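Remember, it's a predicted structure, so these values are computed and weren't measured experimentally. Each chain gets a letter, A, B and so on, in the order its sequence line appears, and its residues count up from 1.
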Protein chains: 2
Amino acid sequence: MPRVSEEHLAARRRQIVEAARRCFLREGFHRTTMQDVIAEAGLSVGAVYRYFPSKASLISAIAEETIGGAEEVLDELARQDPPLPLDKALEYALAYMENQAGDEGMLRIAIQVWGEAQRDPALGEFAASRYTKLRGHFEVLVRRAQEAGELPADADPAAVAAALFGLLPGWFLQRIITGGPDVATYLSGVRVLFGRQR
Amino acid sequence: MPRVSEEHLAARRRQIVEAARRCFLREGFHRTTMQDVIAEAGLSVGAVYRYFPSKASLISAIAEETIGGAEEVLDELARQDPPLPLDKALEYALAYMENQAGDEGMLRIAIQVWGEAQRDPALGEFAASRYTKLRGHFEVLVRRAQEAGELPADADPAAVAAALFGLLPGWFLQRIITGGPDVATYLSGVRVLFGRQR
DNA sequence: CTCCAAAACGAATGCTCGTTCTTTTATGCG
DNA sequence: CGCATAAAAGAACGAGCATTCGTTTTGGAG
């Protein structure tokens with residue numbers, strides 16, 4: 001099997017990442033063994049190690065997928081023209097979160113990444129930069145809301161973005177840990193706090 | 001050393017828990033070994049296993065401490081008379097969080113507990129019930145705010161409480177992962193979203 | 001059709017770690 | 001003062017794990 005097509009290589013890689021995702025979802029990073037991932041992928045030790053030199057590299061790949069999904073959504077959100085009012089934007093973002101909060105969703109993995117990021121410096125830096133970028137998308141929205149007169153012009157966009165952004169993990173943590181409120185209920189609570197139109 | 005005093009037993013237990021806390025903070029649950037905790041406590045294997053029958057039980061004890069700290073604060077918050085306006089209450093709660101968000105703080109451990117709670121059913125149920133209780137304290141505050149006319153009487157107190165509560169992890173996650181905004185900045189953003197007085 | 005290198009395989013390795021268990025120490029009571 | 005016993009010690013065990021590496025398979029170039 002020499003020099004196989006690029007597509008073949010990419011497909012194998014996906015096959016392994018998907019297997020890892022299922023395993024990590026089921027058992028968490030530390031309880032899933034390489035053997036678990038290998039068996040789930042239906043491959044051999046050697047095959048998997050050809051694509052990922054270590055378990056940590058597999059975890060990184062999964063972290064990338066997790067954050068990448070949210071990034072796509074928030075990126076599109078920030079691009080909407082005309083810009084969505086902030087509460088609609090929040091609704092849009094939370095709709096994605098609700099999708100990913102189930103047993104199969106990426107958010108359970110995101111929570112594990114946070115834990116891991118605290119002790120794996122490489123993952124820590126990666127997470128820091130990507131989450132900062134994520135928040136940046138909200139900052140764009142806030143600026144546009146200011147231009148539209150929806151928010152006071154003298155407000156600090158970064159601060160408002162941080163508050164809005166915080167409402168996302170604020171929701172799905174409660175959802176995943178406590179079985180908390182659904183998005184509609186949560187949003188109704190947010191809107192009450194927001195005064196009225198915002 | 002038979003039948004030693006209650007205080008001695010309690011002190012030994014604390015000694016072990018404190019050692020574990022330091023280790024877990026430094027290396028996370030999975031990278032700290034029992035040997036690490038034992039060495040940090042300056043005790044022997046046998047001594048530690050007399051107080052905690054397993055590593056999981058040590059993790060549970062730490063989880064208890066972590067959540068217990070927040071519980072005390074929010075409990076007191078809900079009892080304040082006259083009740084604090086919601087933004088002041090948030091400020092109060094966030095002040096505690098800021099205290100615990102540093103390298104030595106319990107919030108880093110809380111994040112690990114979330115990951116663990118997803119795969120250890122006992123810890124999962126424990127976290128679910130305790131976090132629900134935590135949110136309940138905010139619900140009390142919301143009801144009182146409604147009585148004071150600070151919020152519309154027809155709002156769902158549980159929903160508003162969830163939104164407020166979500167702002168806490170929303171802050172310290174950003175802080176710990178991305179080095180995010182300090183509490184004052186975050187609060188300023190929250191207040192902008194809140195319209196004005198709320 | 002041949003041949004070779006890339007790809008896949010999987011047995012073996014070596015280490016780490018949680019836990020057990022036997023032995024030693026030390027305390028308070030009689 | 002010494003005995004009974006709780007507490008502490010720490011050597012040893014055994015399972016589980018990530019990773020290595022020598023071997024086998026296989027696709028495609030010539």
Chemist: Within the pair B/H8 and D/dA8, is there a side-chain N or O less than 4.0 Å away from OP1 or OP2?
Modeler: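 True: B/H8 side-chain N/O within range (under 4.0 Å) of D/dA8 OP1/OP2.
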Chemist: Between the side chains of A/R79 and A/E76, is the shortest nitrogen-to-carboxylate-oxygen separation below 4.0 Å, so that they form an ion pair?
Modeler: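 No salt bridge links A/E76 with A/R79.
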Chemist: Heavy atoms under 4.0 Å, any strand shown: does A/F52 hit a base, just sugar-phosphate, or nothing?
Modeler: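 A/F52: no heavy atom of the nucleic acid under 4.0 Å.
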Chemist: Heavy atoms within less than 4.0 Å of DNA chain C: which residues of residues 17-28 of chain A have one? Give them sorted by number.
Modeler: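 None, since no heavy atom is under 4.0 Å.
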Chemist: Taking side-chain hydrogen bond (donor to acceptor under 3.5 Å, both in side chains) as the definition, give me every residue that meets it alongside A/S188, ordered by chain and number, with sequence neighbours left out.
Modeler: none
Chemist: Can you check each nucleotide of nucleotides 10-20 of chain C against protein heavy atoms at under 4.0 Å and return B for base, S for sugar-phosphate only, - for none, in 5' to 3' order?
Modeler: BB-----SSBB
Chemist: Between A/R12 and A/Q15, is the side chain to side chain donor-acceptor pair (under 3.5 Å) condition met? List the steps.
Modeler: CA-CA 5 Å; A/R12 269 275 187 282; A/Q15 177 181 2; 3.1 Å; yes
Chemist: Side chains of A/T178 and B/R135: do they bring a donor and an acceptor to under 3.5 Å?
Modeler: yes
Chemist: Could you tell me whether B/R144 and B/E147 make a salt bridge, using a distance below 4.0 angstrom between a side-chain N and a carboxylate O?
Modeler: no
Chemist: Salt bridge or not between B/R130 and B/E64? Use side-chain N to carboxylate O under 4.0 Å.
Modeler: yes
Chemist: Any carboxylate oxygen within less than 4.0 angstrom of a Lys/Arg side-chain nitrogen, looking at A/R31 and B/E116?
Modeler: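 B/E116 and A/R31: not salt-bridged.
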Chemist: It should be established whether A/R12 places a side-chain nitrogen or oxygen under 4.0 Å from OP1 or OP2 of nucleotide C/dA8.
Modeler: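 For C/dA8, OP1 or OP2 has a side-chain N or O of A/R12 closer than 4.0 Å.
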